[in-house]
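Chain letters run A, B, ... following the sequence lines, proteins first, then strands; residues in each count from 1. Note: hydrogens, waters and symmetry copies are ignored here, and every other heavy atom, side chains too, is used.
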Amino acid sequence: MLLRFFLMGLDRKAGIVLTILAILAVAVPVMTLWVPADSPFHLSVFTVSLLGKYLCFALLALALDLVWGYCGILSLGHAAFFALGGYAMGMYLMRQIGPRGVYGNPELPDFMVFLNWTELPWYWWGFDQFWFAALMVLVVPGALAFAFGWFAFRSRVTGVYLSIITQALTFALLLAFFRNDMGFGGNNGLTDFKDILGYDIQADTTRVALFVATVAALALSYMIASGVIASKLGKVLVALRDAESRVRFMGYDTESYKLFAWSLSACMAGVAGALYVPQVGIINPSEFAPASSIEAVIWVAVGGRGTLAGGILGAVLVNMGKSYFTGALPELWLFALGGLFVAVTLFLPKGLLGLWGQLTAKLPRRNKASPLPNAQPANQTAGQKGA
Amino acid sequence: MRRALRWLMALCVVVATSTAAYAADPRAIDLRPLVQALGSGGYSGTEKALAQLSEAGDPAAVPVIEALQAGDLHVRKADGAVVIARKAGDAFTLTDPLTRAALGDAPAAAVEKIRINNALRRAISASLGALTLMSPDAGVRRSAADAVFKSRDASALETLSAAIAKEQDKGIRAAMEQARAAILLTGEAASKMTDAEIQAATDTLTARGDRDALVLLNMVAGSGASDITKRSAAAAVSTLEQKLAFWAALQNLWYGLSLGSVLLLAAIGLAVTFGVMGVINMAHGEMVMIGAYTTFMVQEAFRAYAPGLFDLSILVALPAAFLVSGGVGIIIERSVIRWLYGRPLETLLATWGLSLALQQAVRSIFGPTNREVGAPSWMSGAFELGGLTITYGRLWIVIFAFTVFAALLVALKRTWFGLSIRAVTQNRPMANAMGIRTARVDALTFGLGSGIAGLAGVALSQIDNVSPNLGQGYIIDSFMVVVFGGVGNLWGTLVGALTLGSINKFLEPYAGAVLGKILVLIFIILFIQRRPRGLFALKGRSVEA
Amino acid sequence: MRTKQLTSSFGISALAGLAMGAMAAMSAPAMAQDTIKVGILHSLSGTMAISETTLKDVMLMLIDEQNKKGGLLGKKLEPVVVDPASNWPLFAEKARELISKDKVSAVFGCWTSVSRKSVLPVFEELNNILFYPVQYEGEESSRNVFYTGAAPNQQAVPAVDYLMEKEKVQRWVLAGTDYVYPRTTNKILEAYLKSKGVKPEDIMINYTPFGHSDWQSIVADIKKFGSAGKKTAVVSTINGDANVPFYKELGNQGVKAQDIPVVAFSVGEEELAGIDTKPLLGHLAAWNYFQSVETPSNSDFIKAWKAYTKNDKRVTNDPMEAHYIGFNMWVKAVEAAGTTEPDKVIDAMVGVSVPNLTGGYSAMLPNHHITKPVLIGEVQENGQFDVVSKTPGLVPGDEWSDYLPDSKDLIADWRKPMSCGNFNVKTGKCGGKGS
């Protein structure tokens with residue numbers, strides 16, 4: 001049953017994505033750990049961490065594409081779920097430091113010690129256990145998304161209104177986590193992690209293992225997402241993206257469908273955040289910044305909305321560009337990035353994957369069933385028309 | 001005291017020769033060593049000499065002290081003489097502080113400024129107050145009374161009583177009486193006063209009724225004065241505090257209005273580009289920033305070519321900012337936005353890219369640091385209205401915000417241009433068929449929205465940083481306001497801005513600035529659940545998606 | 001059908017392999033050149049660009065000057081500039097890139113505490129050197145970091161002392177942006193003030209968010225708090241961006257320095273450059289350097305800076321001096337060690353003494369902080385500060401504050417054999433308080 005679900009979503013595109021991911025999962029550890037350092041095929045740990053970071057963003061983009069590309073919910077606050085997952089993982093990692101903090105307090109993280117906290121606040125309980133933290137990585141973003149979505153979808157908040165209140169959500173969380181009184185380390189966030197599950201977090205093998213875990217999470221999420229989309233449920237989602245009222249009039253409980261996809265997407269974003277934190281070594285409220293959410297939307301748009309694979313491609317490419325340009329053109333990279341966004345929207349309305357589709361569409365194809373849904377649903381989703 | 005005397009004698013010897021010329025005027029001989037002493041001994045030396053100078057009670061010292069206050073008093077390095085030196089080009093023009101005789105020019109390196117710190121500044125205004133109580137100029141007398149009120153210098157008591165007896169102007173006399181009451185209550189005299197006198201003095205202060213009076217009364221209530229003094233002061237404090245609490249509530253309302261009008265200004269341009277045209281314009285903040293930088297440029301031009309007319313610079317900056325931001329807006333519309341109509345979410349991406357590029361462009365041109373935008377004199381300072389403190393800058397911004405709003409409303413409702421905008425947004429093909437050049441209207445509408453953002457930039461440059469990040473700080477708030485008020489409805493934007501501003505300011509005293517802001521955001525989220533299309537939702541078939 | 005699709009996709013995987021190869025090539029060590037590389041890790045975009053860009057420029061100038069003097073160890077210095085874009089994880093990534101890809105010998109960078117915290121593990125793991133030029137909250141000492149900015153005892157405490165002695169302040173408003181530097185500084189100040197007999201009701205603490213721009217109510221609150229009949233002062237740890245609107249509001253509401261002085265720890269010449277300072281005459285700032293300090297070395301520095309930036313209006317500030325000191329210390333230590341190898345340089349750093357710009361010598365202490373004079377300046381009408389007080393001697397930076405209960409027993413000493421950043425003098429052990 002479960003197997004069927006997973007296989008259902010496997011089309012040609014999925015095959016490509018999963019193959020690439022499988023190759024990454026095998027090749028990267030080999031190239032990093034066993035290929036000698038002077039070989040041209042050696043990958044430095046720095047590159048591995050960088051790749052790992054891109055793939056975490058890719059997972060966030062995948063999650064976002066699920067709701068934006070297939071349910072027409074443009075979330076300008078998805079980074080909030082990402083960051084919440086990250087904080088759950090960060091709290092676990094903080095507790096793992098134990099007495100190795102600068103003050104040597106076995107119980108409290110350093111930032112609590114010097115702000116004179118005397119005991120661990122209740123919401124930190126349990127985070128010394130990995131299973132609990134792992135559960136929270138899913139539960140916290142999922143529950144928040146469920147509660148938020150339950151209210152918003154019942155009230156039939158749609159289009160830009162929904163987008164803007166997701167932005168309000170992440171902005172409120174940003175401000176809240178900045179507050180030192182919250183007990184999450186304020187602006188400094190959580191850093192200086194020592195180990196994860198007993199392994200030194202800076203060791204090469206740990207980094208590679210984290211990378212492989214990220215690849216696995218991305219692959220699994222991809223399969224889940226494509227499974228959902230290929231299922232009947234996915235058909236309803238696409239339908240309500242394109243004409244929500246009609247679907248509702250046909251008797252579908254559109255809110256529940258949306259709520260399901262929305263919460264699932266939030267959980268995926270949470271997992272992405274949880275994998276991101278040990279690889280970059282810090283989680284801080286700026287992850288909640290509205291700008292990070294907007295950036296995630298941009299990755300999806302660059303890659304191609306409503307394609308799943310497009311989000312992954314966009315996230316990796318844009319972030320690779322950012323890494324490269326911030327080093328190579330430190331004064332000009334914002335022009336490059338800004339120009340890229342404008343160019344993509346103007347010339348590639350369906351994103352890079354759409355371009356691929358446009359190019360290949362001109363060639364004679366064996367496979368007629370295009371896996372690309374209409375990447376450009378009618379503009380009603382914007383709910384504009386005050387517009 | 002003895003040390004001071006020794007000082008005096010030493011100085012007398014030094015200056016005896018140079019002062020011989022002025023020996024005819026007895027007062028000049030009297031003051032000169034004291035003036036001379038201002039220039040030595042660092043801050044404490046200057047302070048000591050100043051105290052003696054004001055104790056001497058001679059109005060001839062006033063210009064000297066004023067020069068000290070203005071930073072014009074210098075020591076000539078060659079002979080150590082204290083002179084007034086005013087900058088003229090690269091050099092200084094020297095004059096004698098007492099006789100006003102010209103002493104020629106000196107290069108900047110030949111004189112050293114007598115520096116003053118806060119303690120000295122306080123002492124200066126105290127002694128100027130005491131010395132100018134009898135001035136023929138009513139304005140000077142009034143500020144003298146205020147200065148004495150602040151300094152509570154017991155040595156001024158005698159002069160003060162004499163001045164009160166002579167004073168004709170009611171207001172000034174009241175101020176002097178308050179100053180006298182302040183000296184009496186806080187000084188040593190309080191122990192010798194009768195109960196009735198004490199009561200009278202506290203009453204005088206209570207009648208003054210402002211925060212300064214409260215400071216004094218609190219001081220008296222907490223001091224080592226007699227019980228009766230304390231009790232009467234404490235009673236006066238509680239009366240005053242009640243009164244001030246009432247005014248504080250009103251004040252808070254004003255703050256809300258003022259914050260609301262800032263939000264209104266920031267959001268109103270967005271209400272056009274986003275609300276009317278449906279373009280999710282993430283570069284809106286950058287239009288505001290461009291307006292602020294235009295103000296900076298205009299002011300620079302004024303500083304360079306017409307420093308005397310600086311007060312008018314803002315008035316020139318307004319149309320300039322409107323045109324510059326509007327022009328940039330039209331360019332953006334023609335080059336990018338027009339390809340994206342009907343795809344509002346993609347305008348978000350494109351304008352986000354534009355906003356990054358615009359920020360960096362400004363950073364490359366003007367540098368990343370803040371630029372100074374000055375306030376014209378008619379926008380600086382504050383005035384009291386009852387118990388309210390209203391700053392001119394904020395007042396003008398409130399007025400300006402409402403003016404812009406009204407003008408926009410008129411433009412949209414009463415002009416042919418507004419009619420075409422509404423026609424195009426409501427039914428594009430039909431408008432086209434009626435002969436409206438829709439493409440041109442689109443460009444002009446976007447230009448209008450951007451131009452208004454530029455106007456907001458002029459106003460915001462008065463209260464905020466003029467830096468490449470300026471726009472970023474307002475973009476989210478602007479979207480919240482427009483969405484809260486209802487997209488496509490100008491009145492909604494007005495009510496939304498004022499409501500959010502007031503709620504924010506109402507919450508701030510209780511919850512603190514951070515929590516207050518969080519609560520406002522949560523309020524918006526919940527409010528949208530109740531009214532999913534904002535406060536003033538558009539009705540009709542076109543609304544439903 | 002499906003299997004066919006899957007097999008056909010293997011063609012694409014060749015492409016992935018190619019990309020991997022490119023990745024590997026990208027991470028390969030840069031060609032060895034005969035220069036000494038120096039990393040500059042300051043944000044050139046985003047919210048912190050406003051402060052950090054200047055520091056990038058000053059580093060380029062210092063490196064340029066050193067090269068004109070003949071470089072270092074007979075080699076030219078080569079600056080490597082990257083833009084961490086005010087993004088904290090990006091700071092860590094860029095630090096790693098500088099060290100492992102560009103092979104820099106030392107890095108000068110960071111402004112905010114969070115950026116330093118973000119890169120700290122990277123520097124420790126890859127064993128490189130970071131010079132951190134900004135005043136900060138203390139409570140940290142790392143073997144790989146040299147803190148050339150002020151610790152709280154080199155800024156906050158002397159400023160409060162000045163206000164207590166010279167202005168007879170009895171009532172205190174501690175206003176700050178809600179992040180770790182103000183929080184810690186205010187904790188220290190609160191403890192310090194209480195130790196001086198200030199009552200708790202005479203201390204008001206207020207925190208605002210980053211970039212706070214509407215200061216009306218808070219300034220009104222300050223006025224209200226100041227009307228209790230005791231001399232009141234505001235100690236401001238308000239962060240960069242929020243200062244301009246704060247001071248504009250102070251000026252407009254007529255809070256005069258003579259009545260309620262505001263002493264700031266994060267407001268320097270750069271911040272004042274954006275404000276009309278006439279209404280702010282006499283408000284105070286505490287730093288270890290002011291542009292207005294009249295020494296020959298400072299006027300040379302200012303002249304060089306203006307010439308380098310080709311802008312006569314550019315101002316200098318305290319973190320720039322910190323980089324000046326840090327850079328010269330590093331140069332001296334490298335010369336003494338005869339190599340740029342981090343371990344040897346770190347050992348050679350302690351005890352190095354170089355002239356600062358205020359007419360004295362700053363020395364690197366075993367705790368990796370430096371000695372500095374503390375200056376209190378009053379704002380002048382021209383946007384500069386007039387120094388009204390200077391500590392008679394140099395103040396050594398104290399990383400573990402004596403006024404916080406958990407850190408008062410800790411010291412740092414990176415000389416052998418102790419080599420410890422958090423040595424507990426009570427228990428005689430390295431590793432903080434608990435163990």
When A:Leu334, A:Leu329, A:Thr326 are compared by non-hydrogen pairs under 4.5 Å with chain C, the top option: A:Thr326
Those residues of residues 88-96 of chain C, ordered by number, that approach chain A below 4.5 Å (heavy atom to heavy atom): C:Trp88, C:Pro89, C:Leu90, C:Ala92, C:Glu93, C:Lys94, C:Arg96
When A:Leu175, A:Asp181, A:Asp110, A:Thr32 are compared by non-hydrogen pairs under 4.5 Å with chain C, the top option: A:Asp181
Pair A:Arg207 + C:Glu125: basic N to acidic O under 4.0 Å: yes
Which of A:Asn284, A:Thr191, A:Val280, A:Val113 touches chain C most, by non-hydrogen pairs under 4.5 Å: A:Asn284
Ionic contact status for C:Lys408 with C:Asp402, cut-off 4.0 Å: no
Residue selection (most heavy-atom pairs with chain C, distance under 4.5 Å) from A:Phe111, A:Phe178, A:Phe193: A:Phe178
Greatest number of heavy atom pairs closer than 4.5 Å to chain A - which of C:Pro84, C:Pro121, C:Ala85: C:Pro121
Residues A:Thr47, A:Ser44; criterion side chain to side chain donor-acceptor pair (under 3.5 Å); working and verdict: CA-CA 5 Å; A:Thr47 317; A:Ser44 69; 2.8 Å; yes
Nearest atoms (heavy-atom pairs only) where A:Gly189 meets A:Tyr87: CA-OH, 4.1 Å
Part of C:Lys187 lying under 4.5 Å from any heavy atom of chain A: side chain
Passing candidate, salt bridge (Lys or Arg N to Asp or Glu O under 4.0 Å) with A:Arg100, options A:Asp195, A:Asp200, A:Asp192: A:Asp195
Contacting region of A:Phe325 [heavy-atom separation from chain C under 4.5 Å]: neither
Derivation of the ring-ring contact (aromatic ring centres under 6.0 Å, His included) call for A:Phe57 and A:Tyr276: CA-CA 8 Å; A:Phe57 287 147; A:Tyr276 172 80; 5.2 Å; yes
Backbone of C:Phe210 reached by a side-chain donor or acceptor of C:His212 within 3.5 Å: no
Salt bridge flag under 4.0 Å for residues C:Glu137 and C:Arg183: no
Residue part contacting chain A, namely of C:Tyr207, when any heavy atom lies under 4.5 Å: neither
Backbone of C:Asn87 reached by a side-chain donor or acceptor of A:Ser286 within 3.5 Å: no
Ring pair (Phe, Tyr, Trp, His ring centres under 6.0 Å) involving C:Trp400 - partner list, sequence neighbours excluded: A:Tyr103
Leading residue by heavy atom contact count with chain C [cutoff under 4.5 Å; candidates A:Glu107, A:Lys194, A:Glu287, A:Lys53]: A:Lys53
Contact origin within C:Pro209 toward chain A - heavy atom pairs under 4.5 Å: side chain
Residue-level interface, residues 44-51 of chain C with chain A, non-hydrogen cut-off under 4.5 Å: C:Leu44, C:Ser45
No-hydrogen, no-angle side-chain donor-acceptor test under 3.5 Å, C:Asn144 and C:Glu124: no
Residues C:Asp178, A:Arg179; criterion salt bridge (charged side-chain N to carboxylate O under 4.0 Å, His left out); working and verdict: CA-CA 6 Å; C:Asp178 190 0; A:Arg179 282 166 48 89; 5.5 Å; no
Smallest separation among heavy atoms of A:Phe41 and A:Met31, with atom names: O-CE, 3.0 Å
Residue among A:Ala328, A:Gly101, A:Gly185, A:Ser323 with most heavy-atom pairs under 4.5 Å to chain C: A:Ser323
Pairs where residues 322-332 of chain A contributes a residue and the test salt bridge (charged side-chain N to carboxylate O under 4.0 Å, His left out) is met, not counting sequence neighbours: A:Glu295-A:Lys322, A:Glu331-C:Lys56
C:Ser115 side chain to C:Thr112 side chain, donor-acceptor N/O pair below 3.5 angstrom: yes
